[in-house]
Student: 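Take this structure, written in structure tokens, and hold onto it; I'll ask about it next.
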Amino acid sequence: MRQWWISGLAALALCAASPAVARADPPLWRVSDADTEMVLFGSIHALPEGVDWRSAALDEALAQADLVVFEILTPASEEEEQAAFLPMLTYLVSPEPLQTVVSAETYARALARAEAQGFEPFMFNMLRPWAAAMMLDIGAEEAKGRSGDLGVDTLIETGLRPDQRTEALDTDALLLASMQALAETGEAEGEQMLIEVLDILDEEGGLDMEIENAWVRGDLQPILDDMAEMKAEAPHLYQVILVDRNHGWMPALKRMMETEGRVVVIAGAAHMVGEDGLPTLLRQAGYAVEGP
């Protein structure tokens, strides 16, 4: 579960190369009506070097697209990035020090990890438990070679032609609503997330690429399994990160189906699978959807 809820949280805020595969064939879906074709592509937001994920079908869709849509767009400047992040800071920071809302044992383990990653103890102690878990996990993944600069979204966005329009699915209001809901995560649930991350960091060695390697081959089952586990073990998080945002994106997607010609939508692979995924929601809305 950890890999997917961390990548979802990172999208809100924000090694070994994978073994070679026969061909890159990550799944995509085609949504159509009388005058519009929308291609949905499930991305992975942060990857290590050496992952060959581009397919001929995706490249063809991108070449023909008038509009390319992402969860969020890369800020054009540092000032724009700070302006987007500052409102979220309220929800990352706890009204009480972290060491007073988790057990002494949990805090000691977390602080040791934070200091090893270069976090200032004073700043780390200001985080809510779920935010501390997120920061520690992202830091550990980055240390092993996983980078947002190599993620699908970043590479596609930076490779677009100047004449191609872009749009973000996550509005400021939707992002802030999601962050507020996460901030309402109970302290006990937040501490459990933190303990889970600490336990895994204590046990694991190199970068775990099982899900990514399956995704490159077009195998969605590991993602479906992870989402089922997340839904069972952290239903509030599943609702906030996946269900609420998917439903929040639907008005924009319907508008694009009414007004655009060729559209490509790039969103996390977890947003594409299962009964709460975007392909299912678009089918339910009456559109023809081809894909897995």
Student: Starting from the C-alpha separation in whole Å, work towards a yes-or-no answer on side-chain contact (heavy atoms from CB on, under 4.5 Å) for M250 and L282.
Tutor: CA-CA 8 Å; M250 283 297 292; L282 286 161; 3.8 Å; yes
Student: Report the C-alpha distance between N213 and D219 in whole Å, list the side-chain angles of each, state the deciding distance to 0.1 Å, and finish with yes or no for side-chain contact (heavy atoms from CB on, under 4.5 Å).
Tutor: CA-CA 9 Å; N213 289 334; D219 180 4; over 6 Å; no
Student: Measure the CG-CZ distance between N125 and F119 for me, rounded to the nearest 0.5 Å.
Tutor: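 Rounded to the nearest 0.5 Å, the CG-CZ separation comes out at 13.5 Å.
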Student: How long is the straight-line distance from CE of M126 back to CG of L89, given to the nearest 0.5 Å?
Tutor: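 The CG atom of L89 sits 7.0 Å away from the CE atom of M126.
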Student: Hey, could you give me each pair passing ring pair (Phe, Tyr, Trp, His ring centres under 6.0 Å) that has a residue in residues 242-263? Not counting sequence neighbours.
Tutor: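 Qualifying pairs: W249-H271.
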Student: May I ask whether M179 and I72 are part of the same hydrophobic cluster, defined by side-chain heavy atoms of I, L, V, M, F, W, Y residues being less than 4.5 angstrom apart, directly or through others?
Tutor: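 M179 clusters together with I72.
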Student: State, with a plain yes or no, whether a side-chain heavy atom of E191 is found less than 4.5 Å away from one of S103.
Tutor: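 With C-beta onward as the side chain, the pair touches.
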Student: What's the separation between atom CD1 in I156 and atom CZ in F41, rounded to the nearest 0.5 Å?
Tutor: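 I156 atom CD1 to F41 atom CZ measures 6.0 Å (nearest 0.5 Å).
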Student: Once salt bridge (Lys or Arg N to Asp or Glu O under 4.0 Å) is applied, what residue pairs with a partner in residues 178-189 remain, sequence neighbours excluded?
Tutor: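 Sorted pair list comes back empty.
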Student: Go through the steps to decide whether V265 and L169 satisfy the test side-chain contact (heavy atoms from CB on, under 4.5 Å), and finish with yes or no.
Tutor: CA-CA 9 Å; V265 177; L169 289 170; 4.0 Å; yes
Student: Restricting to pairs with a member in residues 282-291, which pass side chain to side chain donor-acceptor pair (under 3.5 Å), not counting sequence neighbours?
Tutor: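 Qualifying pairs, neighbours excluded: none.
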Student: Taking C-beta and beyond as the side chain, do D59 and R54 meet within less than 4.5 Å on heavy atoms?
Tutor: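 D59 vs R54: side chains touch.
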Student: Please list, chain by chain and in numerical order, all residues satisfying side chain to side chain donor-acceptor pair (under 3.5 Å) with S55, sequence neighbours excluded.
Tutor: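 S55 satisfies side chain to side chain donor-acceptor pair (under 3.5 Å) with no residue once adjacent residues are dropped.
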Student: With a 6.0 Å cut-off (strictly less than), is the heavy-atom count around CG of D225, excluding the residue itself, greater than 12?
Tutor: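 Counting neighbours around CG of D225, more than 12 heavy atoms of other residues, nucleotides or ligands fall under 6.0 Å, so yes.
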Student: How would you list, by chain and number, every residue that makes a side chain to side chain donor-acceptor pair (under 3.5 Å) with D66, sequence neighbours excluded?
Tutor: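 Expected list: none.
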Student: Holding to side chain to side chain donor-acceptor pair (under 3.5 Å), I want the full list of residues that pass it with T74, two or more places apart in sequence or in another chain.
Tutor: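 Expected list: E157.
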Student: Under 4.5 Å between any side-chain heavy atoms of L242 and M230, yes or no?
Tutor: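 Yes; the side chains approach each other to less than 4.5 Å.
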Student: Evaluate side-chain contact (heavy atoms from CB on, under 4.5 Å) for W130 paired with L92, printing each intermediate quantity in order.
Tutor: CA-CA 8 Å; W130 67 265; L92 295 171; 3.5 Å; yes
Student: Please identify each residue that fulfils salt bridge (charged side-chain N to carboxylate O under 4.0 Å, His left out) with D149, with sequence neighbours left out.
Tutor: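 Result, salt bridge (charged side-chain N to carboxylate O under 4.0 Å, His left out) vs D149: none returned.
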Student: Listed by chain and number, what are the salt bridge (charged side-chain N to carboxylate O under 4.0 Å, His left out) partners of E260, not counting sequence neighbours?
Tutor: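 E260 satisfies salt bridge (charged side-chain N to carboxylate O under 4.0 Å, His left out) with R165 once adjacent residues are dropped.
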Student: Which pairs pass salt bridge (Lys or Arg N to Asp or Glu O under 4.0 Å) with one or both residues in residues 250-259, sequence neighbours excluded?
Tutor: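 Of all non-adjacent pairs touching residues 250-259, those that pass salt bridge (Lys or Arg N to Asp or Glu O under 4.0 Å) are E167-R255.
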Student: Measure the CG-CG distance between L127 and L136 for me, rounded to the nearest 0.5 Å.
Tutor: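 Rounded to the nearest 0.5 Å, the CG-CG separation comes to 8.5 Å.
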Student: Would you say V101 and P129 make side-chain contact, with heavy atoms under 4.5 Å?
Tutor: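 Yes. Closest side-chain heavy atoms under 4.5 Å.
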Student: Only counting residues at least two apart or in another chain, list the ones meeting salt bridge (charged side-chain N to carboxylate O under 4.0 Å, His left out) with D33.
Tutor: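 Not a single residue meets the salt bridge (charged side-chain N to carboxylate O under 4.0 Å, His left out) criterion with D33.
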Student: Measure the CD-CG distance between E212 and L47 for me, rounded to the nearest 0.5 Å.
Tutor: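 Rounded to the nearest 0.5 Å, the CD-CG separation comes out at 6.0 Å.
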Student: I'd like to check the salt bridge (charged side-chain N to carboxylate O under 4.0 Å, His left out) partners of E275; sequence neighbours left out, ordered by chain and number.
Tutor: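 Partners of E275 under the salt bridge (charged side-chain N to carboxylate O under 4.0 Å, His left out) test: K231.
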Student: Side chain to side chain donor-acceptor pair (under 3.5 Å) with R146: which of E49, H45, E141?
Tutor: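 For R146, the side chain to side chain donor-acceptor pair (under 3.5 Å) test succeeds with only one of E49, H45, E141, which is E141.
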Student: Working to the nearest 0.5 angstrom, can you tell me the gap between L62 CG and L160 CG?
Tutor: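 Interatomic distance, L62 CG to L160 CG, rounded to 0.5 Å: 7.0 Å.
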Student: Considering only residues two or more places apart or on different chains, which pairs with a residue in residues 89-113 satisfy salt bridge (Lys or Arg N to Asp or Glu O under 4.0 Å)?
Tutor: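 Checked against salt bridge (Lys or Arg N to Asp or Glu O under 4.0 Å) - neighbours excluded - the pairs reaching residues 89-113 are R109-D199, R109-D202, R113-D202.
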Student: Evaluate the side-chain proximity of L253 to M257: yes if any heavy-atom separation is below 4.5 Å, no if none is.
Tutor: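 In short, these two side chains do not touch, never coming nearer than 4.5 Å.
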